[in-house]
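To find a chain, count down the sequence lines: A is the first, B the second, and so on, and within it residues start at 1.
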Amino acid sequence: MADLEVPKELREEAKGHDMYLHPIDKNTYELFFGPQHMATENFSVILKMDGNRIEKAIVNPGFLHRGFEKLAEGRPYFTNIALLLRICVPESDVPENIYSMAVDEIVGWEVPDRAQWIRTTVLEMARMSAWMFWILGFGNEIGLYTAGQWAAAYRERFMRLFEELTGGRVYHIYTVPGGVRRDIPGDKWLRQLRDTVEYLKGKLKDFDEILFDNYITIERTEGVGVMDKKFALRHAVTGPNLRAVGVPYDVRKDDPYYFYPELDFEVPVLKEGDSLARVLVRRYEMEQDLYILEQLLDMGPPSGPYMVQDPRLKALPRFKPPKGDAYAHVESTKGDFGAYVVSDGTHKPYRVHVRGPSQSHGVTVLEELLKGARLADVPVILKTLDNCPPDIDR
Amino acid sequence: MDMNEKPKVEEKVENTEETKPELPETKEGRLVKEILGEAPYAEGNVRRERRVEFKVPPERIREFLETAQKKFEMLIQITVVDWLKEGEFEVIYQLWSVSESVHAAVRTRIPREDPRLPTVMDIWPVAETYEREGHEFFGVMYEGNPRLGPFILEPREYEKHPFRKDFNMLGYVKGIYGEDFDRYDESKTNYVI
Amino acid sequence: MSEKKNDDFISYELQEFKLFEPLFRWARKKSLWIVAFCTGCGGIEMPPLATARYDFERFGIMPNPAPRMGDLFLITGYVTPKTLKRIIITYELMQDPKYIMIHGSCPINGGVYWDSYNVVKQFDKYLPVDVAIAGCMPRAEAVMDGIMEIMRKIEDGTADSWKRYRENYEYYRKNQDELFGEGWREKEARRWLAWI
């Protein structure tokens, strides 16, 4: 690209048309990456390229903006569950849970043990299915399609379990303020879940061979998109991306909710901060998540109601919590997912603000990491950051 | 439930003038005490375990956040709440301390007309994104942020600052996409979704 | 782009080829390539469709990122105006015959976002549609059913959205311009693709 000479008349014509895709000068040109690209998922990055090197990247989100926070102000509290869960598509239980936790705190409800157990299990199942989805995306980006095929098939096992528990495959509308919408279908479901966990435990070794310990993965990711600790903290990077630079921050440990204080699990931390470290942290977390699910199943669901006993719940559409505000967050596979809910005492929330983890690592961090990278590294950096565009747009 | 009328704001939210609570002898209490020692102009209290909050006048918000940055490494979010009846925007800087595991909400109030705040981009570079968003949806001017402008929205919606409470969403939708969307019926008032 | 008259383009239904038309239709139906443009949340049901459990490759369907090679455009979920611009340009880049299937309630009437300021309410005002699948989120089986429906329609020749787009280009163009403002192609679309 360096010694490409653009014909003069072409360049003149390009100026007349106010074109952007022409070479800006002799060596650089502007490249529109996405939204019609499989790696970006309806998200766009405008790259200023110098040959194969990226000089500058500008993130251009907004293709998925639906104005959730405005819409939530116009709907009653319980109806909002059916709306807000659409913020995070691969892991739709996370927005349900953060919103429910915040409303629980405003009302002052003590969620019954059984509901907490179910919520914990559902969150961990959602994490596991989101990891499988991530393997699919990441494997496809670096050309290891087999891993993706397997992961999509294993994800289906969780989809079936979700379907039996909640009635929906992708969008569950299951966790509501005060508890969950319905009880566990029965012991058979628990047995199936245990079978699935056992099955996946064996399959993780296969993923090691084909994806995580693969020469191609290591070559494509090692030393690509390096962050250091100070940079990551100042940019509010959370989740596995932060743990890959050596900060052991996990909401499940540091701000524990539900059954997590009683569970025994480790927070994997690596120090390198490159794409490979981010991939490996995710690999170790899958193991931990399976371990958590196993412990939860050993513990068994506590007996009791699955919803708080409150007379106000009889007239749901006119349910009015007291005035107040609350911030709640959970650990999703992307990072720290938080919601801030303000109630003014009416039957609709006054303000709901959702903090998607990709808001921090999908905009400024991505722009910084892409500087100086090669064009082929763009999907790798996007996927190892686990950028989820609906978080940014909402 | 009543979707067809303009959103309206009900009574005042909180009695802001509370008697100053005693700070408890926990890690949160000590943290608040330490920060208030350095920044006496602010008010602080402990909400519950791992939740603290501060109230800071808008002129000194930057100064305060510079102080708080020593303890709170991460800026998790900047939330803007539009209190239409009081004519104010409440801007909440949500901080998280990785070392102490404490969440802090730093609240400040600015007038709704000509809302201005200094940027905190140089303290936390991630604030750039949050401020762009706050500017886009509410029209808050963060002085010093060079990238304010249409970010998620397109210029037409951006000019309206759609998350403000006085933005009439249904009227706008009818104007843009036509009146014939089938969920909307003048005679009915009850819609669940 | 297609400001030419209807009879200017090479018709696939020339009189000389009338005899082979059933063969062409059969071939088209058996090799639908999908333009891989995940326009909304329905994109999450695409990987299960493409992989082991549902596996649409057995019907000759393949996701392909290049619009020039695509036959079927799946609108997977709600469409914001910002995306719709890209969808229109991508659709116009596709070669005839091309088909559109909309997926989920949101492109049909807005779905849960019926009062959102940033979601297009009736997708068929801006581009013609062959098959619509209701539901949020439609199950993978429903999507398969929609694809089978499109195959049936291709075979009996009623999947004619690409012809309707040519015939009623003024109508669609007028609606698009009403939503985006006059001259959006010249102002914005040229940024992405200089030759438009």
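- Residue contact with chain C, scored on non-hydrogen atoms closer than 4.5 Å, is absent for A:Pro390.
- Within 6.0 Å of NZ in C:Lys153 there are more than 12 heavy atoms belonging to other residues, nucleotides or ligands.
- The parts of C:Ser116 that come within reach of chain A are both its backbone and its side chain, each placing non-hydrogen atoms under 4.5 angstrom from that chain.
- When heavy atoms are compared at a cutoff of 4.5 Å, A:Leu64 approaches chain C by way of both its backbone and its side chain.
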> After noting the C-alpha distance and the side-chain angles of A:Arg75 and C:Asp115, does the key distance pass the salt bridge (charged side-chain N to carboxylate O under 4.0 Å, His left out) rule?
Replying inline: CA-CA 11 Å; A:Arg75 285 154 167 76; C:Asp115 56 346; 3.2 Å; yes
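- Checked against the 6.0 Å centroid threshold, A:His65 and C:Tyr78 do not count as a close aromatic pair.
- Rounding to the nearest 0.5 angstrom, the gap separating the OG1 atom in C:Thr51 from the CH2 atom in A:Trp150 is 14.0 Å.
- A 4.5 Å side-chain heavy-atom check between C:Thr83 and A:Pro35 finds every atom pair outside the cut-off.
- A distance of 8.0 Å separates OG1 of C:Thr76 from CG of A:Asn42, quoted to the nearest 0.5 Å.
- Separating the CZ atom in C:Arg53 from the OH atom in A:Tyr154 is a distance of 15.5 Å, to the nearest 0.5 Å.
- Contact annotation: the side chain of C:Val119 approaches that of A:Arg66 to within less than 4.5 Å [non-hydrogen atoms, C-beta and beyond].
- Separation of atoms CG (A:Leu71) and CH2 (C:Trp114) is listed at 9.5 Å; rounding is to 0.5 Å.
- Annotation: side chain to side chain donor-acceptor pair (under 3.5 Å) contacts involving residues 128-138 of chain A, sequence neighbours excluded, comprise A:Trp131-A:Asp289.
- Listed for the C:Thr80 side chain is a donor-acceptor partner under 3.5 Å among the backbone atoms of A:Phe63.
- With chain A as the partner, the residue from C:Ala140, C:Pro81, C:Pro47, C:Ala52 showing the most heavy-atom pairs under 4.5 Å is C:Pro47.
- The candidate with the highest count of non-hydrogen atom pairs below 4.5 Å against chain A, out of C:Ile44, C:Asn118, C:Val79, is C:Ile44.
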>> Does C:Lys82 form a side-chain hydrogen bond (donor to acceptor under 3.5 Å, both in side chains) with A:Asn60? I'd like the steps, not just the answer.
In response: CA-CA 11 Å; C:Lys82 204 169 174 174; A:Asn60 177 23; 3.2 Å; yes
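- Residues C:Arg139 and A:Met159 are not in side-chain contact: their nearest non-hydrogen atoms beyond the backbone lie 4.5 Å or more apart.
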Show me the donor-acceptor pairs within less than 3.5 Å that the side chains of residues 165-176 of chain A make with the rest of the protein, sequence neighbours left out.
| residue | atom | partner | partner atom | Å |
| --- | --- | --- | --- | --- |
| A:Thr166 | OG1 | A:Phe162 | O | 2.7 |
| A:Thr166 | OG1 | A:Gly168 | N | 3.2 |
| A:Thr166 | OG1 | A:Gly168 | O | 3.4 |
| A:Arg169 | NE | C:Glu45 | OE2 | 2.9 |
| A:Arg169 | NH1 | A:Glu156 | OE1 | 3.0 |
| A:Arg169 | NH2 | A:Glu156 | OE2 | 3.2 |
| A:Arg169 | NH2 | C:Glu45 | OE1 | 2.9 |
| A:His172 | ND1 | A:Asp93 | OD1 | 3.0 |
| A:His172 | ND1 | A:Asp93 | OD2 | 3.0 |
| A:His172 | NE2 | A:Arg169 | O | 3.1 |
| A:His172 | NE2 | A:Val170 | O | 3.4 |
| A:Tyr174 | OH | A:Arg182 | O | 2.8 |
| A:Thr175 | OG1 | A:Glu96 | OE1 | 3.4 |

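- In this structure, CZ in A:Arg86 is found 5.5 Å from OH in C:Tyr113, a value given to the nearest 0.5 Å.
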